[in-house]
Protein chains: 2
Amino acid sequence: MPKSKTGRPTIVDVADRAGVSRATASRALSSYGRINPETAKLVRAAAEAIGYRPNELARAMRAGKSKTIGLVIIADFTNAFFDRVTKSIVDSARGLGYQVLITNTDEDIAAERSAVETLIEKQVDGLIVVPSTSAVHDHLSNESLNGKPVVLVDRRLNGIRATTVITEDFVGCELAVRHAYSLGHRRMAFLVATASVKGMSTERPAMLISSVEDRTNGFLQGASECGIKPKAQSWMFCEDAPEISEAAVAKLLDTAKPPTIIFTSNNDMCLAVLKVAGNRRMIIGQDLSLVTVDDSQWAAAMVPGITVVSRPVELVGRLAVEKLVAQMQDSTLAPEKISLPTELIARQSVANLILRPELDPLFKD
Amino acid sequence: MPKSKTGRPTIVDVADRAGVSRATASRALSSYGRINPETAKLVRAAAEAIGYRPNELARAMRAGKSKTIGLVIIADFTNAFFDRVTKSIVDSARGLGYQVLITNTDEDIAAERSAVETLIEKQVDGLIVVPSTSAVHDHLSNESLNGKPVVLVDRRLNGIRATTVITEDFVGCELAVRHAYSLGHRRMAFLVATASVKGMSTERPAMLISSVEDRTNGFLQGASECGIKPKAQSWMFCEDAPEISEAAVAKLLDTAKPPTIIFTSNNDMCLAVLKVAGNRRMIIGQDLSLVTVDDSQWAAAMVPGITVVSRPVELVGRLAVEKLVAQMQDSTLAPEKISLPTELIARQSVANLILRPELDPLFKD
DNA sequence: AGAATTTGCGAGAACGTTCTCGCAAATCTT
DNA sequence: AAGATTTGCGAGAACGTTCTCGCAAATTCT
């Protein structure tokens, strides 16, 4: 039995066994064109008999479509985003008949460049990208991608015509602050992770990833609406690294008028607060309150449960795939900017200072 | 300027522009065979000028190798395994010049079958599989894979000649029990997640995934070594679903002689314990002790920190890729069974009943 | 200087598909 | 019954590479 180079039987083997030509075999198996139902049956039997499986690479070559989506993502596994959105993307893609080629950038723009390059060389039909910086995006231009559609996820990029799926982090964070205010919190600290800062800084950097920017602005807006004066707000922007973020938390706590609550921009920062508070025997939800962005199993299961701004991560992934596939099928489709609602999930990590004002370390009666 | 079907310039375009033949252009760009250095320079310039990028699909076709690895995994994102091992695999593969096609099975054997099928059709050069069940594996036989190597990860499969990378869960769990014993724990409960059981059962099911089996046996061995009598052990095997596992925890706690400690087989079960304990206002590390398998950021940052059996997940991923690539390059290589050491990380979730015997609910003085 | 070797390059095949085209046989017209 | 149409199928090209082979020109040998 003649086999192909790769060891697998090819359509020629099927054709030979069925006593027909390559063309007829192909017609029978892919059911197109004119073919005698009898012959078709014969061919299918032959294919079955020798265990024929089509070579999708050859198909892709011929068709000019690989039925593959490239995913360029930040495999930052503490972030509770990567894993959920990846799963969602992989599953949704599969449902639409696409496979996913995944690459990781670790927030590095050079890695992102080369990842996009590689995926294009592998002839993916489209890309889903979580861009690592908003500063640079020439590698996502129409030509670099030679017309292949791209969907941006989690982060906006200015000056690029691409469908974007993000979440209403601004609203969520604004709401979070108002929630805390309604429970009596007046001195608030904000801990924001960003790659634009080396170490830590109390100054807001000029450039922030759009999602981080939205969160920052949301916090600010909420604070301003509640009439929290700037001097009652303490801000810290820092690198996303354990030692640094823990030091930043310490800085926030070690002041004459320490905050009653810390809002963190992501789960890494939240864990830093948890750790430092734990070391100092401070009880979350009592001695110190805490709100973060992104829900997770552990945030819900912990005691106290962490109050979070929850984002519809699975939906983000699904929509990204659906929009991408739609554009692959119709390249005239206009790009969309989609922003999905967030939700504040109140748990027990925010103390009620109205009912228990004595929890404020500055409380005197 | 003539462009290919896909819109990108092809090597023919490069050749035309450099005024040479396809063959020469190819030689110049891939640097093989005999070629005049001057011509090579010329060709490279031409390629640069028109922005030529090779079509890896065509290359793969020709070479019979796609430089792609297929990953079949359970995207169970609460398990702290999927995300870390995936990242490790993607990064390691990239380092060796391979891309990763990822598919998710959700522990479903039919999905696994079809995933393997699809990946083979996409002509991956090899597979990394986290098998969803140990009962079936004909889809991983040499013929189904038509000679493509496969590396099994996290779970053994009997009767299959494939390199396997697992961890010493047995030893880790045995150690965990001894650790608890040394801190005075005598009544122990074990909560094991398994798909072999509908709902929950105190009986050990006949068939367990190998890693779960190892953990179960490790717990048993530890208990037996410490002389913990069967009646002082309570066991619960249950489905990996929140409602069920939480009910299972409740069952374990609601007895005349409740355990002082619960050992859980994975993070989902751990979270269930956390949740139920929290609802009952039981404090982990005091009213109830807890040990689980698999470390995570949150287990470390929580108060109290959760004592865990830590597995070298990144190493698992890296070795899986390295072994797979080695076999792809030399198909005569014998399969290896690799078992990597685990480590017990003691934190504060296990109470010291020797120092504080009064923490045992059955303590009387 | 003539023979032997080396060098550089192009023609063409191959990888495994799909699809266009044409042709013969079968079927349908009137 | 003779033309018109339909049906079923095979030959061959194409997708974009790489690689074998042969051939002419350039170089080295004696």
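Fair warning: this is a prediction, and the values are worked out from it, not measured in the lab. Values below: all heavy atoms of this structure, side chains included; hydrogens, waters and symmetry mates excluded.
Side-chain proximity of Met61(A) to dC15(D), dC19(C), dT17(D): nearest is dC15(D).
Between Arg22(B) and Gly19(B), the residue whose closest nucleotide on DNA chain C is further toward the 5' end is Gly19(B). Between Ala58(B) and Tyr32(B), the one whose closest nucleotide on DNA chain D sits nearer the 5' end is Ala58(B).
Rounded to an integer number of Å, the gap from NZ of Lys65(A) to P of dG16(D) is 13 Å. With rounding to whole Å, Glu38(B) atom CD is found 18 Å from dA25(D) atom C1'. Rounding to whole angstrom units, CG of residue Asn55(A) and C1' of dC15(C) are separated by 8 Å. Distance OH (Tyr52(B)) to P (dG16(D)): 10 Å, rounded to an integer number of Å. To the nearest angstrom, P of dG16(D) lies 16 Å from CG of Leu29(B). Atom C1' of nucleotide dT17(C) and atom NZ of Lys67(A) are separated by 16 Å, given to the nearest angstrom. The interatomic distance linking Lys122(B) (NZ) with dG16(C) (P) rounds to 18 Å, in whole Å. Distance Asp16(A) CG to dG10(D) P: 11 Å, rounded to the nearest Å.
Between Leu157(B) and Leu140(B), some side-chain heavy-atom pair lies under the 4.5 Å cut-off. Taking the side chain as every heavy atom from C-beta outward, Leu319(A) and Val151(A) never approach each other to under 4.5 Å. Residues Leu29(A) and Pro54(A) are not in side-chain contact: their nearest non-hydrogen atoms beyond the backbone lie 4.5 Å or more apart.
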At a cut-off of 3.5 Å, list every protein nitrogen or oxygen paired with a nitrogen or oxygen from nucleotides 6-9 of chain C, distance to 0.1 Å.
residue	atom	partner	partner atom	Å
dG8(C)	N7	Arg34(B)	NE	3.2
dG8(C)	O6	Arg34(B)	NH2	3.4
dC9(C)	OP1	Thr39(B)	OG1	2.6
dC9(C)	OP2	Asn36(B)	N	3.1
dC9(C)	OP2	Thr39(B)	OG1	3.2

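For the pair Gly51(B) and Pro9(B), the tightest heavy-atom approach, listed with the atom from each and the gap, is O-CG, 3.8 Å. Taking each heavy atom of Ser66(B) and Leu57(A) in turn, the nearest pair found is CB-CD2, 4.2 Å. The heavy-atom pair separating Ser211(B) from Asp154(B) by the smallest distance is CB-O, 3.4 Å.
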Inset, instruction - Determine, step by step, whether Asp91(B) and Arg318(B) satisfy the salt bridge (charged side-chain N to carboxylate O under 4.0 Å, His left out) criterion, reporting the C-alpha distance in whole Å, the side-chain angles of both residues, the deciding distance to 0.1 Å, and the verdict. - result: CA-CA 8 Å; Asp91(B) 289 348; Arg318(B) 189 157 60 78; over 6 Å; no
